Amino acid sequence: MIKILVAEDDKNLNLSVCRHLSSHGYFVKGCSDAVQALGLLAAEKYDLIISDIMMPKTDGFTLAKIIRKNDKNIPILFMSARGDFSAKERGYRLGIDEYMTKPVDLDELLLRITALLRRAQIAESKKLSVGNLVLDEDAVSAEVDGVPVVLTLREFQIIYKLLSYPNKTFTRGQLLDEFSGYESESGLRSVDVHVTNLRQKFSACTGFKIDTVRGLGYKAVLL
């Protein structure tokens, strides 16, 4: 059974989230602050973490930072009353996977959790399949209908990231985060070249396309 940890100091919201997720087949444990959360994580393995930001003793940012030092793959979802960009940016830079602003729709929360667990499964298996394309992260390889497609390392990193988060828009800068030392303007322009090459190399793929989001960047759209 999938185990979810909820760190939220609002008792009513904590209880509502735990009950709703439990009714959909998840094992859910609630706690009121980050210190309790870290204790529970030390005692038992969880598959996903939901955390508030503003909590007593230790905030959600610190919690995320500590968790990411020990586990790079466990999905972390922030659920916060803070809707400002700076909070979201800090959370994502610390390694969280999703951010929801309160009040939270519990059915939407379920959808986000389903997507996060799918990505976590991809991260653990190191393989990603979309239509007739199979990407192998360990081998840094791609096959379409069983036929190898030659990719550069950076092309592989970009397509793997886009397809791990379908329908999510990434800026050129976010795609460049996959490789170090490429924060220059020329590096940003290189993303356009990589995407052009990927579109050509995967023109025979039936499961997705790469869309340009004008003024922002790119996203992979599943077909």
Side-chain angles (χ1 to χ4, degrees), residues 1-32 34 37 40-41 45-55 59-61 63-65 67-68 71-125 128-130 160-171 174-175 177 207-208 211 213 216-223:
M1 180 180 289
I2 299 292
K3 295 181 179 180
I4 298 175
L5 179 62
V6 180
E8 168 61 63
D9 63 330
D10 183 322
K11 293 182 179 179
N12 291 330
L13 178 58
N14 195 319
L15 184 59
S16 295
V17 170
C18 289
R19 283 178 173 173
H20 193 68
L21 299 183
S22 295
S23 70
H24 285 80
Y26 295 111
F27 172 87
V28 189
K29 180 72 175 180
C31 62
S32 60
L40 290 167
L41 287 168
K45 178 177 172 57
Y46 286 85
D47 300 289
L48 184 142
I49 297 166
I50 299 172
S51 176
D52 190 9
I53 292 178
M54 296 175 287
M55 295 185 290
D59 64 22
F61 294 126
L63 175 61
K65 184 176 181 180
I67 291 171
R68 274 293 169 258
D71 191 328
K72 293 183 179 180
N73 294 324
I74 186 170
I76 302 174
L77 184 153
F78 269 1
M79 185 174 63
S80 175
R82 291 188 60 178
D84 56 289
F85 177 78
S86 62
K88 295 177 181 179
E89 181 182 35
R90 184 177 177 187
Y92 283 120
R93 287 190 178 278
L94 287 170
I96 71 164
D97 301 275
E98 191 61 89
Y99 194 113
M100 296 185 70
T101 303
K102 297 176 183 176
V104 170
D105 182 277
L106 295 179
D107 288 328
E108 182 181 354
L109 177 62
L110 270 174
L111 293 176
R112 303 279 186 102
I113 287 172
T114 300
L116 287 174
L117 290 171
R118 173 185 172 273
R119 295 169 197 164
Q121 185 179 21
I122 290 170
E124 186 172 346
S125 67
L128 193 160
S129 298
V130 178
Y160 199 91
K161 185 164 189 173
L162 288 172
L163 289 176
S164 293
Y165 299 85
N167 300 312
K168 178 176 179 178
T169 299
F170 288 95
T171 66
Q174 287 172 324
L175 291 173
D177 285 344
F208 74 96
D211 276 358
V213 182
L216 290 175
Y218 300 98
K219 67 178 178 179
V221 178
L222 302 185
L223 301 176

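On a predicted model such as this, the values are computed, not experimentally measured, just so you know.
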Evaluation steps, salt bridge (charged side-chain N to carboxylate O under 4.0 Å, His left out), between R118 and D97: CA-CA 12 Å; R118 173 185 172 273; D97 301 275; over 6 Å; no
side-chain contact (heavy atoms from CB on, under 4.5 Å) between L162 and L175, worked out: CA-CA 8 Å; L162 288 172; L175 291 173; 4.1 Å; yes
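Rounding to the nearest 0.5 Å gives a distance of 11.5 Å between OG of S16 and CG of L109. For the atom pair CE of M79 and CE of M100, the computed distance is 8.5 Å after rounding to the nearest 0.5 Å. In this structure, K45 NZ and K3 NZ are separated by 10.0 Å, a value rounded to the nearest 0.5 Å. In this structure, CG in L110 is found 5.0 Å from NE2 in H24, a value given to the nearest 0.5 Å. Atom CD1 in I96 sits 12.0 Å away from atom CD1 in I50 (nearest 0.5 Å).
Residues I49 and L41 are in side-chain contact: their nearest non-hydrogen atoms beyond the backbone lie under 4.5 Å apart. The closest side-chain heavy-atom distance from L117 to I113 is below 4.5 Å.
Other residues, nucleotides and ligands contribute over 12 non-hydrogen atoms within 6.0 Å of the NZ atom of K102.
Checked options V17, L15, L21; the residue passing with R19 is L15 (criterion: side-chain contact (heavy atoms from CB on, under 4.5 Å)).
A tilted orientation is assigned to the rings of Y92 and Y99, their planes being inclined by 30° to 60°.
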